[in-house]
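Keep in mind that the numbers below use all heavy atoms, side chains included, and drop hydrogens, waters and symmetry copies.
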Amino acid sequence: MDKTIPVPFTSVKITDGFWKKRKELNENVTIYAVRDRFIDTGRFEAFKFNWKEGSDIPKPHIFWDSDVAKWMESVAYILAEKEDKILRSQVEELVSLMEINQQEDGYFNIAHTVVHPEDRFKIRNNHELYCLGHFIEAAVAWKESTGSDRLITITDKYIDLVIRIFCVERSAEFVTPGHEEIELALIRLYRLTKNKKYLDLALFFLNERGLHNEGLTDWCNSSYNQSHLPVRQQREAMGHAVRACYLYSAMADAAKETDDKELLDACTNIFNDIVHNKMYITGGIGSSHHGEAFTVAYDLPNNTAYAETCASISLMMFADRMKDIILDSKYADIVEREIYNGIISGISLDGKAFFYENPLEINLSDRNKHTSMKQEPERLPITQRQEVFSCSCCPPNLTRFFAGIGEKVFSENNDSVFLHQYIPCTALMGDMTISVETEYPVSGKIKINVKNGTGKYLCVRIPGWCENYSISESFESVGGYAKILIYSDEITVFADFVMEPVFYLCKKDVRANANKAALMYGPVVYCFEKFDNPYINHWSLRFDTEITPEVIYDKNYSCNILIAQAFEIENSDKLYYNIKEKKENKVTIKLIPYFAFANRGESDMTVWFNI
């Protein structure tokens, strides 16, 4: 294993560009927008444990704890970089309520205490351990950011109860979580505290998974939550996409901590199955709304794509962990694909509204075509982002992603520092300082200044999309990285990863994209919206792939737009006509970054075009 350790976001100050704007929007708008919706829906009020049957306050749901926990974690990251007394006081109020309402034996779950206490540790799919996992992650972040142990004390007491109930007494009515997450959270807490009981509990849940005949619900089988086989025997991604990649992230963490090659082999095979067989070009995963799940290889429909925002975040988490175990740039490439496409399409440009699902095609004519029906019989993704969802896991997952984006930039080991993502920043690693200047993803030109790193190596990722590049220093190519010796107290490295519009085809097995192409510029996927092309129907177009699209910077997106050439079939007054009568017109079309679609109202949209 080629292990590295991520450089924490607290050591990486983002200084400019695309991600600085996104971080500031998150800190000033999104974190408050999510908070306000959680207040409106009763998620904060629920921490008072004051709901009773017949009361006029909303009934707590089994996953509300986790929604708020992710928001608390997000606030911790923000406070690590700047003081916000309003956010700090709100989290401290929630922690105080947790201290008051935690049961004597350590148990803390709002819905299972005030709504259905008789179900405690009885229903595998009721998210108790999942919610605890997110509280653990919030506790780690709160400790690292503020120095306070209050949340860790609460979660530690709860963990001791879980160890007793699940490992010692075996008195719970299930053995492993129905929704994975606690496993990776426990390993994260172990890394902070070095207390082995946390690692042991994580390994218990991993090692027991797939060994028992544990039910979930009557409409799915055991592969839905990855319980069909022991984890070391799993070779393909199956079931609920978010649960799956949270599990795979924990498997990668455990493999790293214990040098478990068999577990790492399982992770490698699963990762390859996802990116080669089951991932959209945007990084979206989980193509079906039935169970929010992976289906079979190459089943990647565009207009019904589920591609949950949380699923993209979870795949990013899995890939990000794998990059710190195996020296191969393909893992950081997937992180990059997600952060510029599949993840940020889940949030509006104003930072206030969200997509749960992220389709790759919208045809408004499909929406109201069943004129003889009282309601549309077909289920299609919504066309506009919403401020809140009944299942609101994605918004606070996005707030914690943006707040912690700095941790995706660097990792290090004893002799090398790895630059994975090209974000303008200054990073401090011991005595060594690295600064990165770039307009990425607008341009592939990178300036890297390194001070006080003499004798170490700087390893610069060569992006998988890049065909032509230059680096100012001599280097050795290792695992898709340019390995450069830092030979003096200060060196400056210039890299140019040449960006140009590229047409991408799809494997012929993907039926939805037969004879179609998509456009990318650097790491960004592009799409057509009818707003920009009001007199054109995208399904009547075919790309002119012989002409390179024009690239223009657009400040509205902090990114480029593309002006491409295409042929549009001229309409006929006949429903059916002889091919000899076919006529085409040359048209110019405007394409915007996929992440920016659906910000101007309802519109037809597509990523894939005929060729």
Next on the checklist: Looking at Asp273 and Arg235, is there a salt bridge between them, counting it only when a charged N and a carboxylate O are closer than 4.0 Å?
Outcome noted: no
Next on the checklist: Less than 4.0 angstrom from a charged side-chain N to a carboxylate O is my criterion; do Glu529 and Lys590 meet it?
Outcome noted: no
Checklist entry - Hey, does the side chain of Ser287 reach the backbone of Asp299 with a donor-acceptor pair shorter than 3.5 angstrom? => result yes
Checklist entry - Do Arg337 and Asp333 meet the salt-bridge criterion of a basic N to acidic O distance under 4.0 Å? => result no
Next on the checklist: If we ignore hydrogens and angles and just use 3.5 Å, is the side chain of Glu407 paired with the main-chain N or O of Phe9 as donor and acceptor?
Outcome noted: yes
Next on the checklist: Tell me whether the rings of Phe609 and Phe543 are parallel (<30°), tilted (30 to 60°) or perpendicular (>60°).
Outcome noted: tilted
Checklist entry - Under 3.5 Å, is there a donor-acceptor pair between the Asp489 and Thr454 side chains? => result yes
Checklist entry - Salt bridge between Lys445 and Glu437, side-chain N to carboxylate O under 4.0 Å? => result no
Next on the checklist: Tell me whether Asn341 contacts the main-chain N or O of Gly283 through its side chain, where contact means a donor paired with an acceptor under 3.5 Å.
Outcome noted: no
Next on the checklist: If the threshold is 4.0 Å, N to carboxylate O, is there a salt bridge linking Lys20 and Asp16?
Outcome noted: no
Checklist entry - Can Arg400 and Glu73 be counted as an ion pair, charged N to O under 4.0 angstrom? => result yes
Next on the checklist: Main chain of Ala332, side chain of Gln421: is a donor-acceptor contact present, judged purely on distance under 3.5 Å?
Outcome noted: yes
Item to check | Under 3.5 Å donor-acceptor, Asp253 side chain and Leu186 backbone | outcome: no
Checklist entry - Cationic tip of Arg22 within the cone over Phe595's six-membered ring, i.e. under 6.0 Å and within 45° of the normal? => result yes
Checklist entry - Given the side-chain rings of Tyr77 and Phe402, with only the six-membered ring counted for Trp, is the space between their centroids under 6.0 Å? => result no
Checklist entry - Hey, mind stepping through Ile31 and Ile78 against side-chain contact (heavy atoms from CB on, under 4.5 Å) and telling me if it holds? => result CA-CA 9 Å; Ile31 195 72; Ile78 291 170; 4.0 Å; yes
Checklist entry - So, do Tyr481 and Phe418 have ring centers that fall under 6.0 Å from each other? => result yes
Next on the checklist: Please determine whether the number of non-hydrogen atoms from other residues, nucleotides or ligands lying under 6.0 Å from atom CG of Asp509 exceeds 12.
Outcome noted: yes
Item to check | Tyr248 and Phe271 aromatic centres sub-6.0 Å | outcome: no
Checklist entry - Aromatic ring centroids of Trp465 and Tyr504 under 6.0 Å? => result no
Checklist entry - With a 6.0 Å cut-off on ring centres, are Tyr340 and Tyr521 close enough? => result no
Checklist entry - With a 6.0 Å cut-off on ring centres, are Phe294 and His240 close enough? => result no
Item to check | Distance-only polar pair, side chains of Tyr440 and Glu336, donor-acceptor under 3.5 Å | outcome: yes
Checklist entry - Aromatic ring centroids of Phe318 and Tyr331 under 6.0 Å? => result no
Checklist entry - Is a side-chain donor-acceptor pair under 3.5 Å present for Asn513 with Asn302? => result yes
Item to check | Tyr280-Tyr298 aromatic ring centre distance below 6.0 Å | outcome: no
Item to check | Sub-4.5 Å side-chain heavy-atom contact between Met316 and Lys408 | outcome: yes
Item to check | Criterion side-chain contact (heavy atoms from CB on, under 4.5 Å) on Val493 and Asn449, from CA distance to verdict | outcome: CA-CA 6 Å; Val493 178; Asn449 181 265; over 6 Å; no
Checklist entry - Crowded around Lys330 NZ? As in, over 12 foreign heavy atoms under 6.0 Å? => result yes
Next on the checklist: Can you see whether Glu439 engages Tyr422 through a side-chain donor-acceptor pair at a distance of less than 3.5 angstrom?
Outcome noted: no
Checklist entry - Just wondering, are more than 12 heavy atoms of other shown residues or ligands nearer than 6.0 Å to NZ in Lys447? => result no
Next on the checklist: Assess whether a salt bridge exists between Lys323 and Asp320, defined as any Lys/Arg side-chain N lying under 4.0 Å from an Asp/Glu carboxylate O.
Outcome noted: yes
Next on the checklist: Do the side chains of Glu137 and Lys70 get close enough for a salt bridge, i.e. N-O under 4.0 angstrom?
Outcome noted: no
Item to check | Verdict with supporting geometry, Phe597 and Phe355, ring-ring contact (aromatic ring centres under 6.0 Å, His included) | outcome: CA-CA 11 Å; Phe597 85 93; Phe355 270 146; 5.4 Å; yes
Item to check | Derivation and outcome, ring-ring contact (aromatic ring centres under 6.0 Å, His included), residues Phe135 and Trp142 | outcome: CA-CA 10 Å; Phe135 277 129; Trp142 196 248; over 10 Å; no
Checklist entry - Ser312 and Glu338: side-chain donor and acceptor closer than 3.5 Å? => result yes
Checklist entry - Any luck finding a side-chain donor-acceptor pair between Tyr306 and Glu292 under 3.5 Å? => result yes
Checklist entry - Between the side chains of Thr433 and Asn452, does any donor sit under 3.5 Å from an acceptor? => result no
Next on the checklist: Quick one: does any side-chain atom of Thr258 pair with a main-chain N or O of Ala254 as donor and acceptor, under 3.5 Å?
Outcome noted: yes
Item to check | side-chain contact (heavy atoms from CB on, under 4.5 Å) evaluation trace for Gln234 with Gln226 | outcome: CA-CA 8 Å; Gln234 296 189 30; Gln226 304 77 47; 3.9 Å; yes
Checklist entry - In terms of the angle between their ring planes, are Tyr246 and His134 parallel, tilted or perpendicular, with boundaries placed at 30° and 60°? => result perpendicular
